[in-house]
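As structure tokens, the structure follows; a few thoughts come after it.
Within every chain, numbering begins at 1; the chains are lettered A, B, ... in the order of the sequence lines, protein sequences first and strands thereafter. Only heavy atoms go into these numbers, but all of them, side chains included; no hydrogens, no water, no symmetry mates.
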2 protein chains.
Amino acid sequence: MRQPVQTTIAERLRLKAAELTAAERKLMATLFANYPMAGLASITEFAREACVSTPSVLRLAKKLGFSGFPAFQERLRAELSAQLQNPIAKHDRWSADAPDTHILNRFATAAMENLSGSLKLMDHRSFDAVVALLTDRRRRIHIGGGRITGALAVYLTTHLQMARPEVTLVPAMPAMWPQVLLDIGKKDVVVVFDIRRYDARMLEFAASARERGAKLVLITDQWISPIARLAVHSLPLRIEAPSSWDSNIVLLFMAEALVAAIINAAWPETQARIRELEGLAESVRRPR
Amino acid sequence: MRQPVQTTIAERLRLKAAELTAAERKLMATLFANYPMAGLASITEFAREACVSTPSVLRLAKKLGFSGFPAFQERLRAELSAQLQNPIAKHDRWSADAPDTHILNRFATAAMENLSGSLKLMDHRSFDAVVALLTDRRRRIHIGGGRITGALAVYLTTHLQMARPEVTLVPAMPAMWPQVLLDIGKKDVVVVFDIRRYDARMLEFAASARERGAKLVLITDQWISPIARLAVHSLPLRIEAPSSWDSNIVLLFMAEALVAAIINAAWPETQARIRELEGLAESVRRPR
DNA sequence: GACAATCTGAAATTATCGCTTCAACAGTCT
DNA sequence: AGACTGTTGAAGCGATAATTTCAGATTGTC
């Protein structure tokens with residue numbers, strides 16, 4: 001591991017301020033006026049900005065202990081990067097006393113990284129647009145997934161059915177798709193899960209649905225399924241895991257976040273529906 | 001002063017995301033992973049970081065409307081500069097520019113807390129014991145879940161079936177349980193998902209399985225299902241969410257971690273099995 | 001005012017970057 | 001099968017950036 005404490009360029013400059021020449025102080029002032037951006041342009045621009053020559057910049061960099069201007073600049077970038085990088089969950093010891101190499105901890109780290117990476121990758125307006133689409137009660141919704149993602153499709157369907165009517169699961173068997181497609185039209189929204197290795201048959205299904213006028217929403221991985229070309233909205237997520245398979249945790253996260261947002265978006269109706277559902281559950285259970 | 005409203009590079013990228021090529025998407029992901037610092041190095045470094053060639057970087061820059069890489073980079077610097085000058089440093093933790101109150105960010109925070117809370121709560125030796133139990137090939141495994149957790153049971157079953165033989169899903173319908181119980185004996189392990197509100201019928205099923213000599217493994221929430229009294233191992237997890245329902249993300253995490261650990265524990269056999277599976281998948285797919 | 005010490009930038013040199021070309025490749029459509 | 005369209009990176013060629021050199025400018029000292 002690298003030395004944890006390393007002085008920033010700003011600190012070093014202030015420390016050496018006394019022994020700087022006139023041209024170097026000009027550079028310092030310019031840099032501080034717009035720290036550290038001023039130093040991230042080319043050496044030529046930085047020199048011109050401070051009204052000095054390029055060799056003066058170079059001498060300053062060397063005075064600060066760098067091998068050359070690129071080294072100086074790289075340090076500036078590293079500083080800024082560290083500053084911008086959110087100290088996301090400084091994984092303060094996951095599992096109580098298991099070693100860091102325990103699979104639980106390795107998986108937890110991967111899950112965290114996938115989650116934060118996905119959120120950076122994603123456009124929250126796409127998310128909002130998808131929520132609006134799925135909240136619209138004039139639309140019917142069909143949800144489908146592949147071999148692995150099928151369980152997620154089931155999960156999303158189950159939850160969405162609690163929130164609103166007209167939600168159906170696209171059966172896992174391609175043999176049944178023609179009948180499903182028969183009832184898909186302009187008013188329908190088809191939500192598809194597709195992660196690598198992308199399912200060729202799912203692509204065909206998506207194309208057919210699209211042809212019949214349905215709107216496609218795609219939930220996929222960071223490498224993006226080819227279905228994206230047909231979809232009105234794509235939500236790419238990171239799914240890397242320290243195992244032979246990818247991790248679908250973030251897909252589930254997305255499913256749950258969608259459901260929560262949809263429920264929020266139409267609370268009064270949803271609340272009424274949930275009440276009714278509870279009542280029905282009771283009356284089914286009671287008489288056994 | 002320049003036009004105040006100008007699309008950022010991040011926005012432009014998201015807008016064009018659908019029409020990007022694979023190499024370009026790699027670049028996009030790399031840039032977003034460390035935005036915008038990743039793009040401020042030289043074109044060569046940026047390309048290497050994303051594992052693509054320099055011409056691909058150039059093509060992306062041109063696709064976004066820039067005359068070349070330096071122009072692209074200058075815009076990045078300008079954006080960053082503007083952002084840094086802004087006193088309200090937008091260090092938005094999660095989604096690039098969504099507010100903290102956006103459901104995505106609230107959900108992400110909850111998921112992170114659930115995950116780290118679960119790991120602190122859990123005894124990793126229980127986890128290891130469960131892994132050992134499920135790795136033992138002399139045992140048959142049955143996996144069951146309730147109305148909500150059923151999808152997770154399906155997921156775990158699907159994955160575990162790839163790792164080892166003799167894994168079956170307990171059907172969701174209680175009517176079918178007698179037949180399932182008939183074949184459960186001392187050699188069997190029954191894995192049950194049960195979160196609040198705990199399923200009374202699932203408890204009965206678990207009790208019957210226990211009576212017949214099966215070992216019970218319970219995956220439950222922090223308030224712990226009554227089935228825990230019957231189980232040899234219980235894995236309690238945190239499932240709170242900022243919504244009307246609980247979040248099952250951590251349950252999925254546990255399922256994936258279990259599968260990964262089981263695969264690790266018996267790698268040679270598992271590898272052979274996976275190879276065989278791949279072969280079969282091929283031969284089923286080919287003749288369509 | 002001469003001298004030494006230091007500083008500075010123009011110009012030359014070198015290294016690296018950014019860009020173009022082109023052949024290989026993959027996927028698609030006849 | 002084979003032509004076609006679109007994507008990709010290796011190779012090479014300017015262009016620009018980074019560095020070095022050195023002569024002139026500046027400053028301080030005697």
**Item:** Greater than 12 external heavy atoms within 6.0 Å of B:E49's CD
**Value:** no
**Item:** Side-chain donor-acceptor pair present, B:H102, A:D128, cut-off under 3.5 Å
**Value:** yes
**Message:** Test of understanding: with ring pair (Phe, Tyr, Trp, His ring centres under 6.0 Å), list the residues that count as partners of B:Y155, not counting sequence neighbours.
**Reply:** B:H159
**Fill in**
So the contacted stretch of DNA chain C, first to last nucleotide with an atom under 4.0 Å from a non-hydrogen atom of chain A, runs from C:dC7 to C:dA10
**Asked** Sequence neighbours excluded, which residues qualify as side chain to side chain contact (heavy atoms under 4.5 Å, CB included) partners of A:A129?
**Response** A:H233
**Request:** Using a 4.0 Å heavy-atom cut-off, write out nucleotides 7-25 of chain D from 5' to 3' as B (base contacted by protein), S (sugar-phosphate only) or - (no contact).
**Result:** SBBB------SSBB-----
**Complete:** Note: A:D188 and A:H142 closest approach over all heavy atoms is OD2-NE2, 2.6 Å
**Request:** List in chain and number order the residues that pass ring pair (Phe, Tyr, Trp, His ring centres under 6.0 Å) with A:F72, two or more places apart in sequence or in another chain; answer none if no residue qualifies.
**Result:** A:F66, A:F69
**Asked** Which residues satisfy the salt bridge (Lys or Arg N to Asp or Glu O under 4.0 Å) test with A:E240, sequence neighbours excluded?
**Response** A:R238
